[in-house]
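Note on naming: letters A, B, ... go to the chains in the order of the sequence lines (proteins, then strands), and numbering restarts at 1 for each one.
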There are 4 protein chains.
Amino acid sequence: MTEQRAESPRPGRRRSEESRLAILTAAFQLLGEVGYAALTIEGIATRSGTGKQTIYRWWPGKADVLLDALATKADLYVPVPDTGSHPADLRAFLRASMALGRRPEVAAGLRALMAEAQVDPAFGERFRASFLQPRREALGTLLDRARLRGELPPGLSVGTAIDLVFGVVWYRLLATGQEFDDRLVEELLGVLTRDGA
Amino acid sequence: MTEQRAESPRPGRRRSEESRLAILTAAFQLLGEVGYAALTIEGIATRSGTGKQTIYRWWPGKADVLLDALATKADLYVPVPDTGSHPADLRAFLRASMALGRRPEVAAGLRALMAEAQVDPAFGERFRASFLQPRREALGTLLDRARLRGELPPGLSVGTAIDLVFGVVWYRLLATGQEFDDRLVEELLGVLTRDGA
Amino acid sequence: MTEQRAESPRPGRRRSEESRLAILTAAFQLLGEVGYAALTIEGIATRSGTGKQTIYRWWPGKADVLLDALATKADLYVPVPDTGSHPADLRAFLRASMALGRRPEVAAGLRALMAEAQVDPAFGERFRASFLQPRREALGTLLDRARLRGELPPGLSVGTAIDLVFGVVWYRLLATGQEFDDRLVEELLGVLTRDGA
Amino acid sequence: MTEQRAESPRPGRRRSEESRLAILTAAFQLLGEVGYAALTIEGIATRSGTGKQTIYRWWPGKADVLLDALATKADLYVPVPDTGSHPADLRAFLRASMALGRRPEVAAGLRALMAEAQVDPAFGERFRASFLQPRREALGTLLDRARLRGELPPGLSVGTAIDLVFGVVWYRLLATGQEFDDRLVEELLGVLTRDGA
DNA sequence: GCGTAATCGAGACGGTACGTCGGGTCTTTCT
DNA sequence: AGAAAGACCCGACGTACCGTCTCGATTACGC
């Protein structure tokens, strides 16, 4: 989103980093205060002290602002650990993923984005490409390693394993609101490992 | 939704079944034609040849109309099979569930409803109670039986098993759009069974 | 403007006379307070406690609201006097016309409308038909009578005489802001009469 | 407008005559193409290949640009003829004035400027001082001469006579759109002369 | 069969936000 | 210092729907 070939020193005033941050902060705060349904571009502009045009110039809609805000304000980075022991790597990945979901502002943001992705197909594409896919690939890397070492259950493909992991996480986020605890991590490890835990 | 203490024969004109059906049909059609974002009460009223008031009189909002439409137009019933063989019961349940997700209008409807549930907490509650929960309980019944017979993997609780199943299904629906094929059914059975398939 | 075949009792809520008057009053007041350039539909809606849509439903733009307001709030009626004496009739007409221009709110309104007529051709047409033309015809009636009696200067056509009268009035209104006094009335009578005053 | 102490050789780049002309040309063309309402500073800047700032640096607003454009592109000069014969002088003046009004681009420009003068009082002042007043004085000079020679009708002051002339012209321009023909010139001469033509 | 009562289609109402346009200002780079 | 380019804040535009509120026109039931 919002990238710009940085090199060419074109004439004209440059994008205001100050406004950019004010907008992302406002979006993030307002989501927490009023919820996604009541989050409006107009509200973000007012709260951030910027003009609506400035928002529309750089983001297609409120969902993209939020996606950017989440990436900027919340540290969404999920590492691909490499401790040598594959169960340990997997455990670390799952814990890091769920830690994100335990932060209420992040959870609220992700639920809103997934909702918008259903309703606005173009945003859905952007969301998949910039958020979901990278995480799938990270987990895929771990599971590929496990596969090679024969540590995955025989009937289970890597693709489906990924779906199982993210499936539970998103399902709890969207549908049940259950917590993410270590018990879940261990149960998942059991499912993803040759002979149970 | 839409219930009415039937007993008291009050005076006054009675609810028009004709209008009710016209509204549900219109909602269902419009969802397919323009998508959930562009689906409006106004549009439903126009298409169905009714007044907006008539819609607001019987449903809280467009999501509830759609939920009703889906229940009425699409047959969402998922049976709790009892063939004696538990793997067979489970397989039947999974196949029936996924068959629903393969019907495009149903898939579109469910995605919209899950999205609205994120954005409108009150509807979320209704959606959970009237749609998600009954299905969890159906699957729970099957898995409880399996548990008693010791056919479930030892480290896996019934609750998490349910989450795994619906998790993959919803995740594919909402996030990846992958198909629901028999391969997935068998992989799930593997995960939910003591020693793999 | 804004007329409606009153007879057919169509279904649906009827136009609110209260809103209509509130809008016209607000427009009239705001013109005086902030001037035509700063007069906005948004401002009229806010001041009158109505919605913008209600204004757009019944008038094409702010100029038409103002035209309606002027007709309703200011009594713009100019009589066609008939005293028997033609010079007296003419004098009465001129005095009545100029009395209008001496009222500051009316003058401000007319200047704004004439300005808008230059800038928006469609409104110009409406303004001509509903305001300018009727006044031309009233004066024309008087001058036709004078013509028949030979009281008009020989080289002067009725059409040009009309242009002369309204020309001075509008020119003073738009260009010089000079007052309308009896001296002007008498000078005009001199011009329009066979042998001077 | 647009004046600049020419003499002092101040430092820095000098005003670009090229840009100035490009702006005036663009304004003039755009007025003809889209009309005054749709004429924007932004549009003029784009069409002329200049920046908005350059326009704002030298003119207060679009009306002043147009006034300048009209003075530069259209030759608005009206001479004060002196043939010896006063009726002839007057006739020459009237013909020259009306010739201007017959040129459609000039007529469109003048109508727009008079409209703006109603709506923006500050511009109104500039318009009066730089355009209307000089013309009044030119005609005043002619009529003063006639007055001294007793060629004006007795009851008619020079001031009102001026108003009559410009009144008809502007009224036809703004209100009726009638043509300016020799018939009108002669009728006016009749009105302004002791015993009719 | 007459009143009371509820529903129906239609459509106007006060609002809120949309996404866009243009105003006038400010900043950057180049001349 | 002037100029083209272009981002900035701001305010209004005209539109779309929201959810509510009359309307007149149907039904139904109970007296």
Nucleotide [N], atom [atom2] - distance to [atom1] of [X] in whole Å:
X	N	atom1	atom2	value
B:Arg20	E:dA6	CZ	P	22 Å
A:Arg15	F:dA5	CZ	C1'	18 Å
C:Tyr56	E:dC18	OH	P	18 Å
A:Trp58	F:dC9	CH2	C1'	15 Å
B:Arg57	F:dC21	CZ	P	13 Å
A:Glu17	E:dT27	CD	P	17 Å
B:Gln53	F:dA25	CD	P	19 Å
B:Leu30	F:dC17	CG	C1'	15 Å

Under 3.5 Å, is there any donor-acceptor pair linking the side chain of B:Arg13 to the base of E:dT7?
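Side chain to base: pair found, below 3.5 Å.
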
So does B:Lys52 reach the base of E:dG9 with its side chain, donor to acceptor, closer than 3.5 Å?
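Side chain to base: no pair below 3.5 Å.
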
Quick check: are there more than 12 heavy atoms from other residues, nucleotides or ligands sitting under 6.0 Å from CD of B:Glu33?
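Check passes, neighbour count above 12.
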
Looking at [X] and [Y], would you say the former's side chain and the latter's main chain have a donor-acceptor pair under 3.5 Å?
X	Y	answer
D:Thr72	D:Ala69	no
A:Gln118	B:Leu174	yes
D:Thr54	D:Thr50	no

Check whether any side-chain nitrogen or oxygen of [X] sits under 4.0 Å from OP1 or OP2 of [N], and answer yes or no.
X	N	value
B:Thr50	E:dC8	no
A:Arg14	E:dC26	no
D:Ser19	F:dG2	no

Are A:Trp59 and A:Arg20 packed together at the side-chain level, in the sense that at least one heavy-atom pair is separated by less than 4.5 angstrom?
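With C-beta onward as the side chain, the pair touches.
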
Within residues 32-49 of chain B, which residues have any heavy atom lying less than 4.0 Å from an atom of DNA chain E?
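When residues 32-49 of chain B is checked for heavy atoms under 4.0 Å from DNA chain E, the hits, listed by number, are B:Gly49.
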
So, A:Glu42 and A:Arg47, do they make that salt bridge, N to O below 4.0 Å?
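Here A:Glu42 does not pair with A:Arg47 in a salt bridge, since their nearest N and O are not under 4.0 Å apart.
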
Using the closest heavy atom to pick a nucleotide of DNA chain E for each, name whichever of A:Lys62 or C:Thr54 lands nearer the 5' end.
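Its nearest nucleotide lies further toward 5', so the answer is C:Thr54.
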
Does NZ or CZ of A:Lys62 come closer than 6.0 Å to the centre of the six-membered ring of A:Tyr36, within 45° of the ring's axis?
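The answer is yes, since A:Lys62 meets both limits relative to A:Tyr36.
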
Go through E:dA6, F:dA5, E:dG9 for me and flag the one nearest to the A:Pro11 side chain.
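Closest of the options to the side chain of A:Pro11: F:dA5.
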
5' priority, DNA chain F, between C:Pro60 and D:Ser16 [closest heavy atom]
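Upstream on the strand: D:Ser16.
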
